[in-house]
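For reference, the structure is listed below as structure tokens.
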Amino acid sequence: MSKIRVRFAPSPTGPLHIGGARSALFNWLFARSLGGEFIVRIEDTDLERSSLEYEELILAALRWLGLDWDEGIGVGGDNGPYRQKERLTIYNPYTQKLLETGQAYHCYCSEEELEAERQALIAKGQLPRYLGKCRNLSGREKEERLLLTDKPVVRFRVPEGRLVVVDDLIRGRVEFESDGIGDYIIVKSDGIPVYNFAVVLDDALMGITHVLRGEEHLSNTPRQLLLYEALNFPLPKFAHISLILGEDRSKMSKRHGSTSVEQYRQEGYLPEALVNFLALLGWSPEGEEEIFSMAELVAKFSLERVAKSPAVFNLEKLKWMNFHYIKEMSLEQLTACCIPYLLKAGLIDEKEAVERREWLRQVIATARDGLHYLAEAPALVKVFFGETVELAPDDEEAKEVLALETSPAVIRRFREEALAMDDWDGEKVRQILKELGKELNVKGKALFMTVRVAVSGQSQGRDLNAILTLLGPAVVAKRLEESLRRFL
Ligand code: GLU
């Protein structure tokens with residue numbers, strides 16, 4: 001068998017969507033697992049909606065996910081250029097060839113004519129399609145129609161009465177009637193080929209062996225197969241991956257939350273977690289294991305285990321995976337990754353990020369067991385910043401604790417102890433609290449929860465000893481004083 005060559009061919013009309021990222025990943029895994037080549041090219045024939053900014057965003061997202069490519073945009077190769085807009089002169093001879101052999105023809109129909117035809121078919125309960133008005137024009141008719149427009153489109157002459165069969169590696173045999181298709185446009189009036197034509201030329205000329213893409217393109221495939229046949233190109237194998245559904249089983253959309261890779265990156269999902277998660281959206285390895293590194297995915301991936309049924313996007317599962325990968329990071333790595341979020345939340349400035357690094361590391365260490373994605377970090381560690389205390393508004397338990405008869409004394413005495421110290425460590429803090437408990441005859445909640453609420457304004461949160469130790473006695477004393485003044 002010749003070397004496997006697969007491609008990812010995004011349209012740069014938006015950021016990289018979760019579905020697109022999953023297609024790119026499956027192509028990449030397929031190529032890497034079989035020693036094949038992965039090509040990235042750009043489908044930008046929709047001039048109005050395509051932009052270089054989106055192209056850059058998509059490529060950056062692919063790189064961030066760790067999906068490198070062997071050929072294509074930014075990398076080069078023997079089959080360039082890799083943007084469709086730059087390949088127009090490559091496409092032209094094929095259009096001419098189809099026109100010369102009569103497999104394609106010029107169509108002069110106006111928008112209005114086509115719309116009227118569409119409406120008439122819909123009214124009759126039929127599938128809207130082009131009925132072939134310009135299909136068999138005589139020379140004279142052509143001249144007459146040319147007077148109406150000198151910018152005809154080119155339509156492909158769909159063979160009549162044919163059964164077009166897609167032998168899909170995932171979906172099996174899928175049949176389409178050619179008569180339901182109608183002669184479709186392959187080149188627009190501005191001379192630019194449409195997706196269905198350009199994609200066939202690109203795949204064929206680039207020697208793509210497997211077309212692995214989302215199920216939404218299955219209905220395009222018969223149109224593409226007919227063009228392969230008309231141009232005598234060898235057929236690649238096709239594999240259409242199922243849709244991704246939201247948890248309510250409707251097609252994944254913005255309604256379900258973040259849909260682009262960029263959004264997940266910004267929320268602080270790690271590329272390893274997203275890749276692991278995306279790999280399991282439609283593919284499943286043998287066994288129960290769900291955590292896989294890139295290398296393990298490459299070793300295990302096979303198209304045979306890609307499911308026909310739709311995949312459901314479960315955000316809780318992604319969070320769980322991300323939690324796992326966050327736990328695997330070294331504390332220094334995690335701190336470095338959290339710092340941009342702390343900066344953005346205004347908890348620290350650039351200078352503190354450098355000068356208080358060791359302290360920040362310890363702060364982040366307290367948050368690790370509650371961190372599902374990095375954007376959660378500021379809320380989790382907010383308690384470590386500033387000298388003031390805000391009482392959490394809906395925290396009934398905090399209010400109850402402050403109302404205890406013993407609380408004023410606990411807070412006052414603990415403040416005195418803090419004021420007497422220049423610095424303390426975890427052990428010292430433990431000792432002070434223990435002795436205070438004895439002295440005032442309070443224990444458990446009445447002691448520890450009271451101190452917690454007076455220092456942090458909340459009945460729950462990070463480890464109390466860590467809070468007190470990392471804040472240091474001076475800040476603790478200030479906060480206790482404020483609590484005495486404001487809440488008691
Ligand atoms: N440009 C298409 C898209 O972004 C890809 C089509 C294909 O893979 O054939 O959906």
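As the structure lists them, so they are numbered: ligands from 1, and atoms in each ligand from 1.
- Residue contacts with ligand 1 for S11 involve both N, CA, C or O and side-chain atoms from C-beta outward (heavy atoms, distance under 4.0 Å).
- In terms of polar-atom proximity, defined here as any N/O pair under 3.5 Å, A9 does make such a contact with ligand 1.
- Aromatic ring pairs are classed by plane angle as parallel below 30°, tilted from 30° to 60° and perpendicular above 60°; the pair Y373 and Y269 is parallel.
- L318 is listed as a side-chain neighbour of L315, based on a closest heavy-atom distance under 4.5 Å.
- Between E262 and L16, the closest side-chain pair of non-hydrogen atoms is not below 4.5 Å.
- For atom 3 (C) of ligand 1, the nearest non-hydrogen atom of the protein is H217 NE2, 3.7 Å.
- In this structure, atom 8 (O) of ligand 1 lies nearest to the protein heavy atom R7 NH1, 2.7 Å.
- With hydrogens left out, the protein atom closest to atom 1 (N) of ligand 1 is E43 OE1, 2.5 Å, a heavy atom.
- Looking only at heavy atoms of the protein, atom 6 (C) of ligand 1 is closest to Y195 OH, 3.2 Å.
- None of R171, K251, K308 except one satisfies the salt bridge (charged side-chain N to carboxylate O under 4.0 Å, His left out) rule with E215; the exception is R171.
- Between atom OG1 of residue T335 and atom CG of residue L342 there is a gap of 9.0 Å, rounded to the nearest 0.5 Å.
- Under 4.0 Å is where a charged nitrogen must lie from a carboxylate oxygen, and between E71 and R5 at least one such pair does.
- Shown in contact with V199 at under 4.0 Å from a heavy atom are these atoms of ligand 1, numbered in order with element: 9 (O).
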